[in-house]
J.: 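Next up is a structure, given as C-alpha cells.
In this text, all values refer to a predicted model and were calculated from it rather than measured experimentally.
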Amino acid sequence: MKYNIDKKFGIWRYIKSPMNRFMFGFGNFILNLIPKALNNKFTKYRKIKLDNFNIYIIEPKNNKSCGTLMYFHGGAFCFKGGPNHFKNIKEYIKRTNLTIIYVDYRMAYKSNNEICINDSFDAYKYILKCYKTLDLNISNIGFGGDSAGGYICLRVINECFKNNIMLPKYQMLIYPVVSKDKNFESIIKYTNTPMWNSKLNKKMWNIYSNGDFIFDPLTQDISYMPPTYIEVCEFDCLHDEGVLLYNKLLLVNKDCILNDTKRTMHGYDVCYNHPIVIDFFNKRIEFINKFLF
C-alpha cells in the first residue's frame, strides 16, 4: 500500500467510489433495496413523509428517550445512507437512549442545487414545530453528520442563525466536508487515497454547487456555533480542513474536541469491530452523553 493504513481495515483500504450519474443511480437503487433493520430488540421507528422527502424517527424501544439527535448522513451529497449509517445510529441509541431523526434528503445530482441543505433545514423546522405532537424531547437537541453530512450540519446551523431559529446544543462532525477548492496540504497530498480523495472531492463540489459556493465556515463568522466534536482521519484529503475548523471553533468555544485518528482512511468506521473504530466510537458516545446527563 502507498499509504500506511492499518491492515485490519482489509478490503476497504482499496475501495474507491466512482463519481458519475450512472453510479449514483445504480448505487442508490441498491441502497434502497438493503433493509434498514430499524425495528429490532433495541430500537423502533416511524417514517414521516414531508413535502418531497422522508424523515425517520428512530427511538429506544423499551425506554423513555432522554434527548434528540438530528442526523445528516454522508455520501457526497449524491448517495443515500448505507448500512453503516443505520448500524451506527442503532448503536448511538442503544448506548445513549437518544431518539435520532434521520433525514433522507434528496440528492444533489438530480437538481444541481442545494436541495440537500434545503431538505435538511426544512426537516429541522418541522421537528421544532411538531415536537410536542411527535412526543420528542428537544431541550438538549444536537446535530450529527459524517462526511458531506458534516457540512450539512454546519449549513443548517448557519441557516438557523440567519433566521433566528433555535440552535442545537452541540454538533458531532465525523470526517466532515468543510470547505471548497482550498489548497490544503491534505488536498494536495491525498489524490488517490481509498474511500475518498481530492479528485473525487472536486467532482463532488462541482455537482453540489454547480460552480457556486454560499457558505465557508473557514472564512466566515462561526462564533454562534455550539460545542463541537470533530473526528478526522490521517489518510483523508479532508483531514486539514477538519483540523482548521476545530482551531477556529476553539477561539470562540472552548468546549470543542478534536480526535485525529491514525492509520485510518475516510469512512474507516465501516469496520465496526476494528479496535480503532471501537475506541473512537466510545469517544463519540462520551461527547454526546455530556449533553444528555
J.: How are the rings of Tyr102 and Phe86 set to each other: parallel, tilted or perpendicular (split at 30° and 60°)?
T.: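 Taking Phe86 first and then Tyr102, their aromatic rings sit tilted (interplane angle of 30° to 60°).
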J.: What are the two closest non-hydrogen atoms of Pro168 and Gly142, and how far apart are they?
T.: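 Shortest heavy-atom separation between Pro168 and Gly142 comes out as CB-CA, 4.1 Å.
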J.: Treating Ile, Leu, Val, Met, Phe, Trp and Tyr as nodes and any side-chain heavy-atom pair under 4.5 angstrom as an edge, say whether Val178 and Val252 lie in one connected cluster.
T.: no
J.: Check whether more than 12 heavy atoms from other residues, nucleotides or ligands sit under 6.0 Å from atom NZ of Lys49, and answer yes or no.
T.: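 Yes, enclosed.
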J.: Is there a side-chain contact between Met172 and Ile288 (heavy atoms, below 4.5 Å)?
T.: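 Result yes, sub-4.5 Å side-chain heavy-atom pair found.
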J.: Distance check, rounded to the nearest 0.5 Å: Asn63 atom CG versus Asn97 atom CG?
T.: 4.5 Å
J.: Identify the heavy atoms of Met225 and Ile157 that sit nearest to each other, and give their distance.
T.: SD-CG2, 3.6 Å
J.: May I ask you to decide whether Lys182 forms a salt bridge with Glu241, counting only side-chain N to carboxylate O separations under 4.0 Å?
T.: no
J.: Is there a donor-acceptor pair under 3.5 Å between the side chain of Asp146 and the backbone N or O of Gly149?
T.: no
J.: Tyr131 and Asn137: side-chain hydrogen bond (donor to acceptor under 3.5 Å, both in side chains), yes or no, with the steps?
T.: CA-CA 7 Å; Tyr131 72 93; Asn137 174 7; over 6 Å; no
J.: Ring-plane angle category for Tyr105 and His73, please: parallel below 30°, perpendicular beyond 60°, tilted otherwise.
T.: parallel
J.: Hey, does Ile101 have a side-chain heavy atom less than 4.5 Å from the side chain of Leu136?
T.: yes
J.: Treating Asn84 as the side-chain partner and Tyr272 as the backbone partner, does any N or O pair qualify as donor plus acceptor under 3.5 Å?
T.: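 Checking the backbone N and O of Tyr272 against the side chain of Asn84, no donor-acceptor pair under 3.5 Å is found.
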J.: Could you check whether the rings of Phe77 and Tyr151 sit parallel, tilted or perpendicular, using 30° and 60° as the cut-offs?
T.: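 Perpendicular, since the angle between the ring planes exceeds 60°.
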J.: If you count every heavy atom of other residues, nucleotides or ligands that lies below 6.0 Å from Lys189 atom NZ, does the total exceed 12?
T.: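 Atom NZ in Lys189 is not crowded, with 12 or fewer foreign heavy atoms closer than 6.0 Å.
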J.: Test your reading of the model: is there a side-chain donor-acceptor pair from Ser186 to the backbone of Asp240, 3.5 Å cut-off?
T.: yes
J.: Got a second to check how far Ile117's CD1 is from Ile152's CD1, nearest 0.5 Å?
T.: 5.0 Å
J.: Is there a path of hydrophobic side-chain contacts, each under 4.5 Å between heavy atoms of I/L/V/M/F/W/Y residues, joining Ile174 to Ile278?
T.: no
J.: How close do His85 and Gly74 get, heavy atom to heavy atom, and via which atoms?
T.: NE2-N, 3.5 Å
J.: Drop me the distance from Leu69's CG to Ile100's CD1, to the nearest 0.5 angstrom.
T.: 5.0 Å
J.: With side chains defined as the heavy atoms from C-beta onward, is the minimum distance between Trp12 and Tyr268 less than 4.5 Å?
T.: no
J.: Are more than 12 heavy atoms, taken from residues, nucleotides or ligands other than Lys202, located less than 6.0 Å from that residue's NZ atom?
T.: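 At most 12 heavy atoms, drawn from other residues, nucleotides or ligands, come within 6.0 Å of this atom.
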J.: Side chains of Leu154 and Leu173: closer than 4.5 Å at any heavy-atom pair?
T.: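 Of all side-chain heavy-atom pairs linking Leu173 with Leu154, at least one is under 4.5 Å.
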J.: Which distance, rounded to the nearest 0.5 Å, do you find between the CD of Glu59 and the CG of Leu38?
T.: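 With rounding to 0.5 Å, CD (Glu59) is 11.5 Å from CG (Leu38).
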J.: A side-chain contact here means heavy atoms from C-beta on lying under 4.5 Å apart; do Leu218 and Phe184 qualify?
T.: yes
J.: Specify the closest pair of heavy atoms between Pro227 and Asn253, including all atoms of both residues, with the distance to one decimal.
T.: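 In this case the closest contact between Pro227 and Asn253 is N-ND2, 3.2 Å.
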J.: Check whether Ser65 reaches the backbone of Thr99 with its side chain - one donor and one acceptor, N or O, closer than 3.5 Å.
T.: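 Yes; at least one donor-acceptor contact below 3.5 Å.
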J.: Between Lys129 and Asp122, is the closest basic N to carboxylate O distance under 4.0 Å?
T.: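 Salt bridge: no.
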J.: Looking only at non-hydrogen atoms, find the nearest pair between Glu234 and Thr264 and report the distance.
T.: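 That would be N-OG1, 3.3 Å.
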J.: For the atom pair CG (Asp104) and SG (Cys116), what is the distance rounded to the nearest 0.5 Å?
T.: 12.0 Å
J.: For residues Thr96 and Ile285, determine if any side-chain heavy atom of one lies less than 4.5 Å from a side-chain heavy atom of the other.
T.: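 The answer is yes; the side chains approach within 4.5 Å.
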J.: According to salt bridge (charged side-chain N to carboxylate O under 4.0 Å, His left out), who are the partners of Lys203, at least two apart in sequence or on a separate chain?
T.: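 With neighbours one apart ignored, the set is empty.
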J.: Please identify each residue that fulfils side chain to side chain contact (heavy atoms under 4.5 Å, CB included) with Ser198, with sequence neighbours left out.
T.: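 For Ser198 the side chain to side chain contact (heavy atoms under 4.5 Å, CB included) partners, ignoring immediate neighbours, are Ile187, Thr191, Cys237.
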J.: Is there a path of hydrophobic side-chain contacts, each under 4.5 Å between heavy atoms of I, L, V, M, F, W or Y residues, that connects Tyr246 with Leu251?
T.: no
J.: Rounded to the nearest 0.5 Å, what separation is found between the CD1 atom of Ile58 and the OH atom of Tyr45?
T.: 9.5 Å
J.: Counting N and O atoms only, with roles assigned by atom type, does the side chain of Thr228 sit under 3.5 Å from a partner on the main chain of Pro226, one being a donor and the other an acceptor?
T.: yes
J.: Is there a path of hydrophobic side-chain contacts, each under 4.5 Å between heavy atoms, that joins Leu31 and Phe22?
T.: yes
J.: Please work out whether the ring planes of Phe291 and Tyr170 are parallel, tilted or perpendicular, with thresholds of 30° and 60°.
T.: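 Parallel: the ring planes of Phe291 and Tyr170 meet at under 30°.
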J.: Assign the ring pair Phe79 / Phe24 to parallel, tilted or perpendicular, where the plane angle (0 to 90°) is split at 30° and 60°.
T.: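 The rings of Phe79 and Phe24 stand perpendicular, inter-plane angle above 60°.
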J.: Keeping the roles fixed (side chain from Asp260, backbone from Lys262), state whether a donor-acceptor pair exists under 3.5 Å.
T.: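 A pair under 3.5 Å: no.
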J.: Check whether more than 12 heavy atoms from other residues, nucleotides or ligands sit under 6.0 Å from atom CD1 of Ile11, and answer yes or no.
T.: no
J.: Taking the side chain as everything from C-beta on, heavy atoms only, tell me whether Ile222 gets closer than 4.5 Å to Phe161.
T.: no
J.: Taking the side chain as every heavy atom from C-beta outward, state whether Lys61 and Lys41 have any pair of such atoms under 4.5 Å apart.
T.: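 Counting from C-beta outward, Lys61 and Lys41 never come under 4.5 Å.
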J.: Just to verify, what does Phe281 make a ring-ring contact (aromatic ring centres under 6.0 Å, His included) with, not counting sequence neighbours?
T.: Tyr92
J.: Is Asp221 atom CG crowded by more than 12 heavy atoms from other residues, nucleotides or ligands, each under 6.0 Å away?
T.: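 Counting other residues, nucleotides and ligands, CG of Asp221 exceeds 12 neighbours.
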J.: At their closest point, which heavy atom of Cys256 faces which heavy atom of Leu249, and how far apart are they?
T.: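 Closest approach of Cys256 to Leu249, heavy atoms only: SG-CB, 3.9 Å.
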J.: Could you verify whether a donor N or O on one side chain and an acceptor N or O on the other, from Trp196 and Asp236, lie under 3.5 Å apart?
T.: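 There is no such pair (donor and acceptor under 3.5 Å, judged by atom type) between the side chains of Trp196 and Asp236.
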J.: For atom CD of Gln220, is the number of surrounding heavy atoms from other residues, nucleotides or ligands below 6.0 Å larger than 12?
T.: yes
J.: Check for a donor-acceptor pair, side chain of Asn163 on one end and backbone N or O of Ile165 on the other, with a separation under 3.5 Å.
T.: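 No: the side chain of Asn163 does not pair with the backbone of Ile165.
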J.: Just by distance, do the side chain of Asn28 and the backbone of Cys78 share a donor-acceptor pair under 3.5 Å?
T.: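 Yes: the side chain of Asn28 pairs with the backbone of Cys78.
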J.: Could you point out which residue of Asp269, Asn259, Asn289 forms a side-chain hydrogen bond (donor to acceptor under 3.5 Å, both in side chains) with Arg284?
T.: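 Only match with Arg284 under side-chain hydrogen bond (donor to acceptor under 3.5 Å, both in side chains): Asp269.
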J.: Is Arg155 salt-bridged to Glu114, cutoff N-O under 4.0 Å?
T.: yes
J.: Thinking salt bridges, do Glu286 and Lys290 make one under a 4.0 Å N-O criterion?
T.: no
J.: Judged by atom type as modelled, is there a donor-acceptor pair below 3.5 Å linking the side chain of Arg263 to the main-chain atoms of Ile276?
T.: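 No.
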J.: Decide whether Ile57 and Phe42 are clustered together by the hydrophobic rule: side chain heavy atoms of Ile, Leu, Val, Met, Phe, Trp, Tyr closer than 4.5 Å, transitively.
T.: no
J.: Hey, does the side chain of Lys8 reach the backbone of Pro275 with a donor-acceptor pair shorter than 3.5 angstrom?
T.: no
J.: Between Lys180 and Asp216, does any side-chain N to carboxylate O distance fall below 4.0 Å?
T.: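 So Lys180 does not pair with Asp216 through a salt bridge.
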J.: With a 3.5 Å cut-off and no angle check, do the side chains of His266 and Thr193 form a donor-acceptor pair?
T.: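 Side chains of His266 and Thr193: no pair found under 3.5 Å.
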J.: Do the ring planes of Trp205 and Tyr208 sit parallel (below 30°), tilted (30 to 60°) or perpendicular (above 60°)?
T.: perpendicular
